[in-house]
2 protein chains.
Amino acid sequence: MESQSSGNVTLEQVAQHAGVSLATASRVLNGSTRQVGEKLRKKVMASAGELGYLPNASAQALARNSSSLVGLIVHDIADPYFSSIASGVTGRAEEEGLVVVLGTTGRTPQRETEILATLRAHRAKAVVLAGTRTVDEVGNRNLAAEIERFTAQGGRVACVSQGGLPADTVVPANREGAADLARRLITMGHRRFAVLAGPPDLRTARDRLDGFHGALSEAGIEPAYHDVVHGAFTRDGGYASTQRLLAAGTDATCLFAVNDVMATGAIAALRDAGLRVPEDLSVAGFDDIPTLRDLIPSLTTVRLPLEWMGQEAARLALTEAPAAQPRRVPAGAEVVLRDSTAPPA
Amino acid sequence: MESQSSGNVTLEQVAQHAGVSLATASRVLNGSTRQVGEKLRKKVMASAGELGYLPNASAQALARNSSSLVGLIVHDIADPYFSSIASGVTGRAEEEGLVVVLGTTGRTPQRETEILATLRAHRAKAVVLAGTRTVDEVGNRNLAAEIERFTAQGGRVACVSQGGLPADTVVPANREGAADLARRLITMGHRRFAVLAGPPDLRTARDRLDGFHGALSEAGIEPAYHDVVHGAFTRDGGYASTQRLLAAGTDATCLFAVNDVMATGAIAALRDAGLRVPEDLSVAGFDDIPTLRDLIPSLTTVRLPLEWMGQEAARLALTEAPAAQPRRVPAGAEVVLRDSTAPPA
DNA sequence: CGCCGGACGGAAAACATTTTCCTGGCTTTC
DNA sequence: GAAAGCCAGGAAAATGTTTTCCGTCCGGCG
C-alpha cells in the first residue's frame, strides 16, 4: 500500500483506477450524504489506498466554500499566558480534526484585523481571538466590522477576555478576582498599596486595576494615585516599573502587579534593590502562570483557568450553535495566597 | 471604500465593475510577471477597493498549486521550550506574509507524520519540525517517507534539534553543551553526579546524557548508573524523578537535569524533602528558559538560543534555496553558572 | 403484469483563481 | 515603406473537488 510516489494523486486517477466515476469516488472518500454500493465502495477504498490518495485541501475548501482551518490570534506566543490558552485551543481543535492557524500581533491592535481578514480569505471555519482588547475605539470598530464580515461569510468567532465585540466571549473575572485579592490583603493588615498597572490602554490591565481600587475604596482606603505605575505588560516591564516606583519613593506595604510576569520582574527588581519579599514589601500577581509556580518566594496571585478558557472558547466557536446574541461564559478567578505576601511589619 | 458587505466579492465582479477581463484583473491584483497599462491598472485597483475585494485563498492555492501556509509541529505549545521556538518561527513567517499552522503532537511520534500529511494536503509551502526525535526506528522511517512526499510535491522542510531526517536541520550543541557543563562542575569540585535523564527514547535527552557522561569519563569519573533516573520531560517528571532518586538514596553532590523544567521540579522536590540547594545538593539544568530565569536559587544551565533556532529553521525552509544535501546549522550552547550550583561541602 | 418509487451511478456544472495562447496594434529597423 | 518583432489585452483552458441533476435498474405493490 501507499506505494505511489510520483507527484500527487488526484481523485480523478483514483476513480479511473477503480473504474468508477469521479462522483462515486468523491462520495466514498468524503462520507457524503449519499450511499455507495458495497462493491464499488470497496474498490474505491482499495484504489485510494494503493495509490496513496490524499485529497487536495485547497480544492475541497474551494468546492465547499469552507476550510478545515481554525484561527487563533494572540499577542505573543512566547508569553505563558497565551501559550496556555493556545494549548487549550489546539487541543480542542485537533479533537475535531481541524487545523489551527496561529497569528501573532505583537500587541498591535490593527494586526488583529489584518490577520482576521487573512483567515477570512482562507475561509477559516472559526477564529479564537485571545488578545486582550484595548480602549482604542477606532481599532475596536474596525475589528468589529471585520468580525461581521467573517461571520457573514459563515465563519464563527469567539473571544477570550474581552467583551464588547459581536462574538461569543469567555470572560475571566478580572475585576472580581482583583477585588477579592484586595480584600484578602486588607484582611492581612495592609493599608497602603502600590500597583504596577501595565499599559493604560489595555482593557484587561484596567479591569484588574479598577477591581482592586474598587475594593480598596469600599474598605475606606483612598488609593494613592502616585503609587500607580504604568508600564509594559511583561517581565521587563514589571522590573522597570518597580525601579521607577522605588526611585520615586513609596510607603506602600504591598505591591500588586496586574499580572504574574510583571510580578516576577517586580520581585527581581526589589531583590536587586536589597529589599526582601515579603518582609519589606509584599507582592501579589494575577493569572497563576503554571511555569511560575516554583518561584521563591511563591507568588500570591489570582488563578485563572487559562487552558480551560482556551478550550471553552474553541468549544463556543466550533460546536455551539450560533446564537442571536453574543454569549458570555464567565471564567472564575480564585485568590491563591502564597509566600510573597505577609502581614506588614 | 470597502462599502460592500453582501457576501463575498469575486475577481469576476471586480473585473466587470472595472470593465476589464478576468485576466487583467488578476494580473493587476496579484503582481504577476505581466504588465498592465496604467489606466486599466488604476481602474481595477479602484474597483477592488470600492467593492472590498479579498482574494479567495483556497482558489489561489488551487490554481497556483501552493498555499501561503507554513507548518510548525511541536510537542506541546504550553512548554516554554517550544513556545520560544514557535515565537521565532512565527516572527519570520509573518515577515514573509505567510501564515503559520500550528500542530501539536502531545509527544506521539506518529502524530508528527499525520500532521505533516495534513499540511501536504493543504499544499503548505514549508514545515518546521520542532519536536525532538525519538529512537523509534519505524516511526522515523515513516516520518522520513512523509517528508520525501512533502518535498516531492514542492514543499520545504526544516527541523530543529534532530538530525537524521532528509531535511535541513538546526542542531543545538546538546552533547557539547552538556559536556562543557560537566567539565565546569568538575572544576567546581564535584565528583559524584546524579542525572535526571528524561525519557529514554528521546534523542535530545539522550544526547545531553551522553555528552555529560562522556565528559565525566574523560575526567576519569565512572558514572554511577544507579544514579541515572528516567522520567517524563516535564516539571512534574523532574519532581517525581527526584523523589525516586531520594527514596533510593544517593551520595551525589550535584544533580543534572537534562532540561530546565525538570530542574525546576527537582528543586521543588528537594526543598520539599528539606534539602537546600546548592548547600546540600547542587542542581543544573539545560535550555535557559527565559521564564525560569527569575527562579531562586537562579538556575545553572546551558543556554540555547531558542528563538533564534526557530527563526533560523524558518529561514532555512523559506528563503534558502533547496540543497542537494541536507544542511546542518549548528546552534551554540553556552554554560551559564548561577546560584543553584556551588562547590560541594 | 405493469407501474411507481427508491436507491445508486454517472455526466456535467460550479467553485475562484492563474496562466497559456491568441490577436491586433504599435514600434522598430533595414 | 514594409517586414519583423513586441506588447497589452482578452478568451479559454486548467486546477481538483463537490454537488446537482438525470438516467437506470431493481424491488415491491396493486
Side-chain angles (χ1 to χ4, degrees), chain A residues 4 7-45 47-48 51-69 118 120-125 153-154, chain B residues 4 6-45 47-48 51-69 118 120-124 153-154:
Chain A
Q4 187 73 12
N8 280 308
V9 184
T10 73
L11 190 57
E12 174 89 51
Q13 294 169 33
V14 174
Q16 236 159 45
H17 186 275
V20 302
S21 79
L22 203 52
T24 306
S26 170
R27 291 197 264 254
V28 169
L29 294 171
N30 73 2
S32 81
T33 44
R34 293 256 322 242
Q35 287 288 330
V36 172
E38 191 52 25
K39 293 184 67 150
L40 293 192
R41 158 169 234 96
K42 279 203 164 168
K43 263 210 266 190
V44 171
M45 295 294 272
S47 296
L51 298 178
Y53 170 68
L54 186 69
N56 182 320
S58 309
Q60 287 187 316
L62 177 58
R64 295 183 177 147
N65 194 30
S66 166
S67 72
S68 59
L69 267 38
T118 306
R120 179 160 62 98
H122 282 273
R123 299 295 183 271
K125 218 181 221 58
Q153 175 230 247
Chain B
Q4 187 74 11
S6 72
N8 281 307
V9 184
T10 72
L11 190 58
E12 173 90 50
Q13 293 170 32
V14 174
Q16 238 162 40
H17 187 276
V20 301
S21 78
L22 204 51
T24 307
S26 170
R27 292 196 263 253
V28 169
L29 294 171
N30 74 1
S32 81
T33 44
R34 293 258 321 243
Q35 287 288 330
V36 171
E38 191 52 25
K39 293 183 70 147
L40 293 192
R41 158 169 236 96
K42 280 203 164 168
K43 263 210 263 190
V44 172
M45 295 294 271
S47 296
L51 299 178
Y53 171 68
L54 185 69
N56 182 321
S58 310
Q60 287 187 317
L62 176 58
R64 295 182 177 147
N65 194 30
S66 165
S67 71
S68 58
L69 267 39
T118 306
R120 178 160 63 97
H122 282 274
R123 300 294 183 273
Q153 174 229 248

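In what follows, every chain begins at residue 1, and chains take the letters A, B, ... in the order their sequences are listed. Quick note: numbers below take in every heavy atom, side chains included, and nothing from hydrogens, waters or symmetry partners. Remember, predicted model here, so these are calculated numbers, not experimental data.
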Just the rounded figure in Å: distance from P of dT19(C) to CG of L11(B). 13 Å
Between dG9(C), dC21(C), dT17(C), which nucleotide gets closest to the side-chain atoms of A63(B)? dT17(C)
Could you check how far CD of Q60(B) sits from P of dA16(C), rounded to whole Å? 13 Å
So how far is it from H122(A) NE2 to S58(A) OG, rounded to the nearest 0.5 Å? 9.0 Å
When rounded to whole Å, the CG to C1' distance for the pair N8(B) and dA14(C) reads 16 Å
Starting at atom CD of Q16(A), determine the distance to atom C1' of dG10(C), rounded to an integer number of angstrom. 14 Å
Smallest separation among heavy atoms of N30(A) and R64(A), with atom names: CB-NH2, 3.9 Å
In whole angstroms, how far is the P atom of dT19(C) from the CZ atom of R64(B)? 7 Å
Looking only at heavy atoms, what is the nearest atom pair of L51(B) and V14(B), with distance? CD1-CA, 3.9 Å
Passes side-chain contact (heavy atoms from CB on, under 4.5 Å), M45(A) versus L29(A)? Steps please. CA-CA 7 Å; M45(A) 295 294 272; L29(A) 294 171; 4.1 Å; yes
Taking the nucleotide of DNA chain D with the nearest heavy atom to each, does T24(B) or R123(B) sit closer to the 5' end? T24(B)
Can you tell me the distance, in whole Å, between the CG atom of L29(B) and the P atom of dT19(C)? 14 Å
5' to 3' on DNA chain D, which nucleotides open and close the contacts with chain B (atom under 4.0 Å from a heavy atom)? dA8(D) to dG16(D)
Heavy-atom closest contact (S67(A) atom, K125(A) atom, distance): O-NZ, 3.2 Å
Name the residue closer to the 5' end of DNA chain D, choosing between T10(A) and L40(B) according to the nucleotide with the nearest heavy atom. L40(B)
Derivation of the side-chain contact (heavy atoms from CB on, under 4.5 Å) call for R120(A) and N8(B): CA-CA 10 Å; R120(A) 179 160 62 98; N8(B) 281 307; 4.0 Å; yes
With heavy atoms under 4.0 Å as the rule, sort L22(B) into base, sugar-phosphate or nothing. base
Separation of dA13(C) P from E12(B) CD (nearest whole Å): 17 Å
N65(B) near the nucleic acid: base, sugar-phosphate alone, or nothing, with a heavy-atom cut-off under 4.0 Å? nothing
Specify the closest pair of heavy atoms between R123(B) and N56(A), including all atoms of both residues, with the distance to one decimal. NH2-ND2, 3.4 Å
Value in whole Å for how far the C1' atom of dA16(C) lies from CG of L62(A): 6 Å
